[in-house]
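Note on naming: letters A, B, ... go to the chains in the order of the sequence lines (proteins, then strands), and numbering restarts at 1 for each one.
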Amino acid sequence: LVAGNTLLDMYIKCGSIDCASKVFKELHERDAVTWNSLISGYTELCDFSSALKIFSDMQADGIRPDKVTVLNALKACGGGGCLAQGRLLHCSSHLIEIEVDLSMENAIMDMYCRCGSMEDAEKVFTHSPIVDVVSWGTIIEGYSLQGRFEMVGQYFHDMRMQGMVADEGIFSSVFSACCHVGHVNEARNFFVSMREDQRVTPNMLHFNCMADLIGRIGHLADAQKFLESMPTHAS
RNA sequence: UUCUGGCGG
């Protein structure tokens, strides 16, 4: 069983979903891991409807979904923008004796964000007994995707107030929001704070957003100077 | 062997 699952996983990691599904069909024994691998394989390829189809096949086959199953299914719902199905998962996961821990809460929030329902995402966030940098990042990225810069700033501020340190991912979302709405000065402030207060090393994406913004207001020489100040080893 | 946020893979 483990050998079969390992083989299946190998094909998925290589991107050969066809070989993977062939292996899947030939397996005479399948457990939750087998199904989970295939669901995540389709999700990785952005074939969300196939992923959700496998998810329902799994249940039809009498295999009980575990935590990983639900995490993968939530991701597929988010990717496919299937709000109704995602909501159903959210509501039923409590019932089918799956513990709703932090990673589950975060996945649920992410699903709502991608489905465009920030209201639901915020509700989950607010009611979470504990949140981490991923939770904050999920909400911030959610607002960033919607171009809601004021909310990005708000949540970033709240996060700092609670003593949470931002990481590279948070700043990627923040800069992308700045870029989206063309807020140069705000971005500058974030850039300075990133290095001085929070000791996050700016990466290439961060530098690009900054240069784009500076260039956009016509300060091409500044933008160039800025890019030249970028360390060559920046990742 | 399958596992939550940005970019990458």
Problem - Under 4.0 Å protein heavy-atom contact, by nucleotide of nucleotides 2-9 of chain B - B base, S sugar-phosphate only - result: BBBBBS-B
Problem - A:Y11, OH: over 12 other non-hydrogen atoms inside 6.0 angstrom - result: no
In a table with atom names and distances, give each donor-acceptor pair under 3.5 Å that connects a side chain of residues 218-233 of chain A to protein atoms at least two apart or in another chain.
residue, atom, partner, partner atom, Å
A:Q224, NE2, A:E228, OE2, 3.3
A:S229, OG, A:F226, O, 2.5

Exercise for the section: Please identify each residue that fulfils salt bridge (charged side-chain N to carboxylate O under 4.0 Å, His left out) with A:D158, with sequence neighbours left out. Expected result: none
Practice task
Mind telling me whether A:F149 and A:H183 have parallel, tilted or perpendicular rings, with 30° and 60° as the class edges?
Solution key: perpendicular
Exercise for the section: Begin with the C-alpha distance, continue with both residues' side-chain angles, and end with the deciding distance and a verdict on salt bridge (charged side-chain N to carboxylate O under 4.0 Å, His left out) for A:R114 and A:D110. Expected result: CA-CA 6 Å; A:R114 292 185 193 281; A:D110 182 53; 3.1 Å; yes
